[in-house]
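All chains are named by letter (A, B, ...) in the order of the sequence lines, taking the proteins before the strands, and each is independently numbered beginning at 1.
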Amino acid sequence: MAEKDNKIYLTTPIYYVNSKPHIGHAYTTLAIDVLTRYYRILGKEVFFLTGTDEHGAKIAEAAQKAGKTPQEFCDEISGLFKTAWQNLNIDYSYFIRTTDKSHEEKVAEFLNVLKSNGYLYEGEYAGKYCVGCEKFVTDKDLVDGKCPDHKCEPQDVAEENWFFKLRQLLPKIKELIESDKLLILPEKAKSEVLGVIKQGLDDVSISRKSVSWGIKLPWEESQTVYVWIDALLNYWTVLQNLGKMEFWPVDLHLMGREILKFHCIMWPAILLAYYGDDAIDQLPKQAFCHGYFTIDGQKMSKTIGNIVDPNDLIKKYGTDATRYLLLTQFPFGGNDGDVSLSRLDEKYNSDLASGLGNLVARVVTLATKLKVQPVRIATQSVAGGSAKLKVKGSRLEQNILEAKNKYNFSLALENLKIDEALGAIWELIGACDKIIDTEKPWELANEKLKTKNEKVIKDLLVVLGEIAEMLKPFMPQTADKILEQIKTNKSEPLFPRLN
RNA sequence: CGCGGGGUAGAGAAGUGGUAUCUCAUAGGGCUCAUAACCCUAAGAUCGCAGGUUCAAUUCCUGCCCCCGCAACCA
């Protein structure tokens with residue numbers, strides 16, 4: 001990952017407020033939260049941006065249906081996102097709303113520059129317009145040539161709009177993607193974007209006459225800015241407004257595949273138009289595309305009504321367990337992962353209650369029963385391998401080393417292999433359980449044995465401390481609880497078993 | 001011929017041109033420090049179907065079948 005003087009800029013997409021937060025939003029946001037916490041532990045300055053996308057005809061419509069003004073509606077939904085992130089213990093640096101005045105002003109400023117740089121021109125947008133809907137519709141919207149909502153045939157209407165010279169910049173974008181200067185991962189996603197470019201794209205209309213809920217075009221106030229332009233610019237306007245351009249450019253945009261095109265084609269294009277077409281150092285370094293959740297084999301959708309609210313999971317499992325359960329549903333960047341609610345219970349019981357929770361309980365109890373002095377834990381051992389064990393050359397040490405060698409924790413995290421990084425931690429947990437079984441440190445037959453057992457337990461406490469350090473980015477509260485228990489030798493169940 | 005993803009033990013997933021791996025569930029044994037937890041062992045897969053290339057294919061090629069996304073709310 002590229003660095004600017006120890007600074008890193010990570011983003012989630014800004015979420016469209018026409019629906020409440022669900023576990024898909026939560027997944028993306030969590031992943032960035034984990035990376036943010038990890039890099040901060042390593043001593044980097046991280047700017048983590050998330051927020052909500054609030055303009056456009058769809059929002060105005062949804063607000064009307066809900067009997068609210070668009071602004072009221074946005075305030076409400078945006079608030080739900082904030083609450084959800086608070087419940088999930090998301091440590092973002094800033095939460096942008098595209099209805100923020102400061103954002104709107106910067107968007108106008110940006111577009112003025114695009115215009116004076118010669119990248120905008122007036123053109124005609126022709127299409128079918130439904131009077132009932134008060135918006136342009138496509139053939140796909142129609143049933144038997146009529147609008148399904150209003151049962152009327154749309155009229156052919158042409159609208160004067162402003163267009164962005166996207167085509168002119170496409171060869172440049174293509175080259176940047178092919179050469180990985182604009183890195184798109186995984187490879188599959190890169191091919192998909194290149195495929196879209198190869199098919200050819202037209203210049204895009206960046207303004208709308210027919211949409212009133214949006215940012216006014218600064219030089220022609222009868223038009224509003226196309227929502228996608230408005231939305232993409234958030235990554236830039238926030239740093240501008242906060243005076244934090246030292247974090248620019250973006251190191252990583254994380255997203256699901258459906259919005260990949262916008263982030264990998266249009267977004268770099270408008271940045272080149274603004275900064276000059278050789279300003280590749282202003283472009284995002286990496287776009288990473290992750291899989292989608294399906295619920296019991298089906299896509300989450302409002303129509304099916306199978307959307308899972310992260311708050312419900314938090315109520316049942318708690319914040320950290322929910323973080324863990326969501327992050328381990330599938331290999332990052334791989335295919336879609338299926339979530340079945342019963343499997344979440346299983347995973348909670350096996351990994352968290354029987355795995356992590358039980359291990360902490362048995363080690364801390366052993367320490368208490370054998371009156372082992374609390375151990376001082378060296379912090380900052382995130383990368384693993386730094387703990388010093390008492391019993392040199394022991395089976396414990398060997399098992400721990402083996403467990404550590406199986407996965408490279410840091411490398412996994414830096415490559416966004418979140419499931420693998422967690423796998424590294426669970427290898428350690430397994431190694432500890434095995435060693436307790438073979439060493440039987442609860443036996444107190446004689447003094448010699450007692451001394452040996454004390455050493456074993458101290459070592460286990462040290463490894464437990466390491467596990468806690470590694471857990472910090474994923475389950476911050478749990479990590480602190482474990483460290484507290486090690487320090488005080490007071491055992492308290494971390495994850496009560498579900499029945 | 002729209003485009004794309006996928007079909008591997010009961011469930012969920014890895015994986016590779018040459019003894020098929022992991023997690024959960026199941027069975028037997030062990031242990032008793034621990035959240036009926038932990039440890040060991042076992043059973044369980046003709047790797048979707050049919051052809052082909054090869055000394056050798058689950059892995060490469062061809063055809064077929066089935067599931068699921070992309071066009072409509074939606075990361």
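With sequence neighbours excluded, the residues that form a salt bridge (Lys or Arg N to Asp or Glu O under 4.0 Å) with A/Asp33 are A/Arg37, A/Arg323. Remark: A/Ile259 pairs with A/Pro13, A/Trp228, A/Met255, A/His263 by the side-chain contact (heavy atoms from CB on, under 4.5 Å) rule, at least two apart or across chains. Residues satisfying the salt bridge (Lys or Arg N to Asp or Glu O under 4.0 Å) criterion with A/Asp433, sequence neighbours excluded, are A/Arg362. Taking the salt bridge (Lys or Arg N to Asp or Glu O under 4.0 Å) definition, one finds that A/Asp309 meets it with nothing, sequence neighbours left out.
Between the P atom of B/rA13 and the CD1 atom of A/Ile418 lies a distance of 19 Å, rounded to the nearest Å. With rounding to whole Å, A/Ile32 atom CD1 is found 16 Å from B/rA75 atom P. A/Asp419 places its CG atom 18 Å from the P atom of B/rG12, with the value rounded to the nearest Å. Protein atom CG of A/Leu422 is 18 Å distant from nucleotide atom P of B/rA13, rounded to whole Å. Between the NE2 atom of A/His290 and the P atom of B/rG5 there is a distance of 19 Å, given to the nearest Å. The CG atom of A/Leu260 sits 14 Å away from the P atom of B/rA75 (whole-angstrom rounding). One atom, CD1 of A/Ile259, and another, P of B/rA75, lie 7 Å apart when rounded to the nearest Å. We find that CD of A/Glu61 is positioned 13 Å from C1' of B/rA72, with the value rounded to whole Å.
The partner of B/rA27 is B/rU41, by the rule that a Watson-Crick or G-U pair needs both atom distances under 3.5 Å. Nucleotide B/rA57: unpaired (no Watson-Crick or G-U wobble partner with both distances less than 3.5 Å). Summarising the base pairing, B/rA50 is matched to B/rU62 through a Watson-Crick or G-U wobble pair whose two defining distances lie under 3.5 Å. The partner of B/rU16 cannot be assigned: no Watson-Crick or G-U wobble pair with both contacts below 3.5 Å exists in any strand. Base-pair partner of B/rC70: B/rG2 (Watson-Crick or G-U wobble, both distances under 3.5 Å).
One C1' atom belongs to B/rG30, the other to B/rA36, and the distance between them is 16 Å to the nearest Å. Using atom P as the reference point in both B/rA57 and B/rC47, the two lie 12 Å apart (nearest Å). Between the C1' atoms of B/rC68 and B/rA25, the separation comes to 26 Å (whole Å). Look at the C1' atom in both B/rU21 and B/rG15: the space between them is 7 Å, to the nearest Å. Remark: the separation of the C1' atoms in B/rG44 and B/rA20 is 14 Å, to the nearest Å. Nucleotides B/rU46 and B/rU41 place their C1' atoms 26 Å apart, quoted to the nearest Å. On the P atoms, B/rC55 is 33 Å away from B/rG4, given to the nearest whole Å. To the nearest whole angstrom, the two P atoms, one in B/rA27 and one in B/rC33, are 25 Å apart.
The pair A/Asp75-A/Lys68 does not count as a salt bridge, with every side-chain nitrogen at least 4.0 angstrom from each carboxylate oxygen. For A/Lys452 and A/Glu439, the salt-bridge test passes: some basic side-chain N is under 4.0 Å from an acidic carboxylate O.
Two rings, from A/Phe95 and A/Trp85, have their centers 6.0 Å or more apart.
Tested against A/Thr12, the residues A/Thr50, A/Thr29, A/Thr28 include a single side-chain hydrogen bond (donor to acceptor under 3.5 Å, both in side chains) partner, A/Thr50.
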Per-nucleotide protein contact string for nucleotides 27-37 of chain B (B base, S sugar-phosphate only, - none; heavy atom under 4.0 Å):
---BSSBBB-S
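Proximity of a side-chain donor or acceptor of A/Lys369 to a complementary backbone N or O of A/Leu366 within less than 3.5 Å is not detected.
Between A/Lys347 and B/rU23 there is no side-chain polar atom (N or O) within less than 4.0 angstrom of OP1 or OP2.
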At a cut-off of 3.5 Å, list every protein nitrogen or oxygen paired with a nitrogen or oxygen from nucleotides 68-70 of chain B, distance to 0.1 Å.
residue, atom, partner, partner atom, Å
B/rC70, OP1, A/Lys299, NZ, 2.4

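Using modelled atom types and a 3.5 Å distance limit, the side chains of A/Tyr324 and A/Asp351 yield a donor-acceptor pair.
Among the heavy atoms of the strands lying under 4.0 Å from A/Gly256 are primed sugar atoms or P, OP1, OP2 only; no base atom is included.
We find the CD-OG distance between A/Gln71 and A/Ser78 to be 9.5 Å, quoted to the nearest 0.5 Å.
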